[in-house]
Structure formats: C-alpha cells, structure tokens
Number of protein chains: 2
Amino acid sequence: MSRPRATHRGPRASSAARVPGIDYANLHAHFGYALRRAQITAFAAFARATEGLAITPPRYTALVILEANPGISQSALGEVLGTARSGAMMLTNWLVGRGLAERRHRPDDGRAWGLYLTRGGRALTARLKRRVYEYDQRVAARLTPAERGTLLRLLEKLTP
Amino acid sequence: MSRPRATHRGPRASSAARVPGIDYANLHAHFGYALRRAQITAFAAFARATEGLAITPPRYTALVILEANPGISQSALGEVLGTARSGAMMLTNWLVGRGLAERRHRPDDGRAWGLYLTRGGRALTARLKRRVYEYDQRVAARLTPAERGTLLRLLEKLTP
DNA sequence: TATTGTTATACTCTATAACTATA
DNA sequence: TATAGTTATAGAGTATAACAATA
C-alpha cells in the first residue's frame, strides 16, 4: 500500500519498551524490527490524538485524501489506501454512515461515484489534522529539529 | 507491543509507491505516515525472505527470542511480543505443532512451562536469520552505510 | 471485453473473559 | 489472593470471488 494500510483497532496500551532480562539477540539491528517499534510509538500517539472519535489511520488518511481530492472515485481511494475495492467500499460506507462524506453521481461515468466530504466531514478533518499533527510533533520532540528532517528524508529514501 | 506485533499474513504484493495524480496534502510530513510506508517496504522484504515458509514477523521474533532465551515462559514470550497470553499460547502451539519448539515442565514452578527450540527449530532459525538479515540489508542498500547507522539511531531515539 | 461498485464469504490476528491448577 | 496456562468467543480488518450495471 502506499498506502498506510492499518491494522489498528483504536487506542492500544502497548508500549515499545524492552522487557528487562530478555536477550534480544540482534533483533534491534534489523530495520524491519526498528521500524515496527517506532511505528508502535507513533500509533500510540495517533490513538491518543483521536481518542473517542473512532478514527483509525486508514480513516484519517481517507478524510485527508478526500479533502485534497474532491470527487475522487472509490477505486482510486482504495488504490491510495492500498486496499481492495471491497475495503474501500466499507470504509466509504462508514464515512457516509457518519455523515462525513457523500457519494455523488458522476455525469461523465455512470458507473463511478465521486466522493466528497460533507460540511461536518470538513470540520472534523480540520480538527483531526491539528490534533494528529500536534501528537506527531510530540513524538518527534524526542529528536532535534535537524534530526527530524534527517529522519523524514531517510525514511523517504528507504521507500521506493 | 514491544514489540513487533504483526498483522501480517505472509507475502503481500502491495508497494509503497504514490498514486500519480493524487494530492497527498501534508501526509508525507507526518512521522506516523512516513514510518508506516517504510514499514510496508520492510514487510515486503521480510515476506520475500520467508516466502513459502509460513513465517510471520511475530513467529520469527519468537524463534529468535527462544533461541537466545531457552527456558523462557509463555507469559514472558507474550510480553516480549506485546501480545496477550492467549496469543502467546496460539503462537507456541503453532511452533510446537511444526516441531520447531517444545514445552518442558519446570522443576521449580508447576504452573509454568519452559520453552525450548528443537533441533529443527534451531536449524530453521539459523537459516531464517541469514535470509531475513540479507533482505533487510537489501532494503538498507538504498542508504549509505553512514545513513543506515543514523536511521537506526534516530529510530531508537524515537522509541521510548 | 474491461471497469466500477457491490455483496457474500472466509481467514487471520487480536482481545476479553472465564476456567483450572498451582503458588 | 495471585499467577501460568488454557479455552471459548467476539471483533476488526482484509482478501477473494462472483455479480450487475456501465463503458
């Protein structure tokens, strides 16, 4: 996925700390392992930022993408999220059911929907963006400003 | 989780590439998003490294932990993996069912098991470690040696 | 023939809670 | 009373496959 495809059920308490007395061998020298641990930390921050709002990472991504790409089709949304069409549909159903997004028929293509945020969806998205950004920066606060830029650059370089 | 807790079902085809024509807003400036994309790349490499072996990240972690901590209890293993006791049990059942690990009664505590790799488990673990390391390095090859060290250091610093 | 959306189904992983046996 | 292991159950998330409508 491009595509943050999350398996994430909402707030989780787990931390990424090492268990004392355990020999981790060379696990921590692996990028896959180190990335996973860091991601758990970032997930925990996301969960706190969206507490009580039933927003998961893919839902958040969908809101941001819909805001920036009004009229996008369900298939394209699924492609961005890296999920199958059926998954994009259930996600869209959830957004529509909450009154956050709506489907509009496309004049040019009778098969596809155009997806749009509702007023409530735009309001929630704006609020979420502030909160998620705030908690993201709180995680990043463990690094110096220079280190933050370096980390983002290296992560981007790692990803094709 | 500490704890690489994977939701990962084996080889997955998804890539982490951007979809052309889509406005991603400032998603890529978020550490949570960037970490997730990088992790997807690392997962894909892990899947290739373990192709056909039915090894998932938590299973791999369990093998490495059992190798380095012979006699560890199921509860401790669950704590390392960041999963509930029931999850540690199912994972252990899987390893035992494949003949990779065995439970031995502890002389000092009648409640707990001591977990040990079998000879086959040790052989598979040794093989997996080489392969996973190889693919991990292949991902890291997109970075210079200096950048690799920097990335690991920054990821470690990000994680409490 | 290919594509969009839809529905149904199954599978994996995980969590919770209740139970037992030991401590 | 607390802990290790076990079992059963439920839930979220995802994938696959088949179908109808449209291109």
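Not measured: the values here are computed from a predicted model. Just so you know, these numbers use all the heavy atoms, side chains as well, and skip hydrogens, waters and symmetry mates. Letters A, B, ... are given to chains in the order of the sequence lines, protein chains preceding strands, and every chain is numbered from 1.
Both Trp113(A) and Trp94(A) belong to a common hydrophobic cluster when Ile, Leu, Val, Met, Phe, Trp and Tyr are linked at side-chain heavy-atom distances under 4.5 angstrom.
Classification of Arg142(A) and Glu147(A) as a salt-bridged pair fails, no side-chain N sitting under 4.0 Å from a carboxylate O. Ion pairing between Glu134(A) and Arg138(A) holds under the 4.0 Å rule for side-chain N and carboxylate O.
Rounded to an integer number of Å, the gap from CZ of Arg85(B) to P of dT7(D) is 14 Å. Between the CE atom of Met89(B) and the P atom of dC19(C) there is a distance of 18 Å, given to the nearest Å. The distance between atom CG of Asn93(A) and atom P of dA12(D), rounded to the nearest whole Å, is 15 Å. Whole-Å rounding puts the Phe43(A) CZ to dA12(D) P distance at 17 Å. To the nearest angstrom, C1' of dG5(D) lies 15 Å from CG of Leu91(B). Atom CH2 in Trp94(B) sits roughly 14 Å away from atom C1' in dT12(C) (whole-Å rounding). Whole-Å rounding puts the Gln74(B) CD to dT22(C) P distance at 16 Å. Going from atom CE of Met90(A) over to atom P of dG5(C) covers 15 Å, rounded to whole Å.
At distances below 3.5 Å, not a single donor-acceptor pair connects side-chain atoms of Arg48(B) with backbone N or O atoms of Tyr135(B). Looking only at distances, a side-chain donor or acceptor of Arg148(A) sits under 3.5 Å from a matching main-chain atom of Leu143(A). Of the possible polar contacts, one joining the Asn69(B) side chain to the Ile65(B) backbone as a donor-acceptor pair under 3.5 Å is found.
A search for ring pair (Phe, Tyr, Trp, His ring centres under 6.0 Å) contacts involving Phe31(A) returns nothing, not counting sequence neighbours.
Over its full length, the helix from dT1(C)-dA23(D) to dA23(C)-dT1(D) turns its helical axis through 0°, comparing axes from the five pairs at each end and rounding to 10°.
A donor-acceptor contact under 3.5 Å is not formed by the side chain of Ser86(B) with the base of dT14(C).
Within the 4.0 Å cut-off from OP1 or OP2 of dG13(D), not a single side-chain nitrogen or oxygen of Thr83(A) is found.
The distance from atom CZ of Arg85(B) to atom CE of Met90(B), rounded to the nearest 0.5 Å, is 13.0 Å.
Near-neighbour residues of DNA chain C inside residues 98-116 of chain B, defined by a heavy atom below 4.0 Å, number-ordered: Asp109(B), Gly110(B), Arg111(B).
Side chain to side chain, Arg103(A) and Asn93(A) meet the donor-acceptor criterion of an N or O pair below 3.5 Å.
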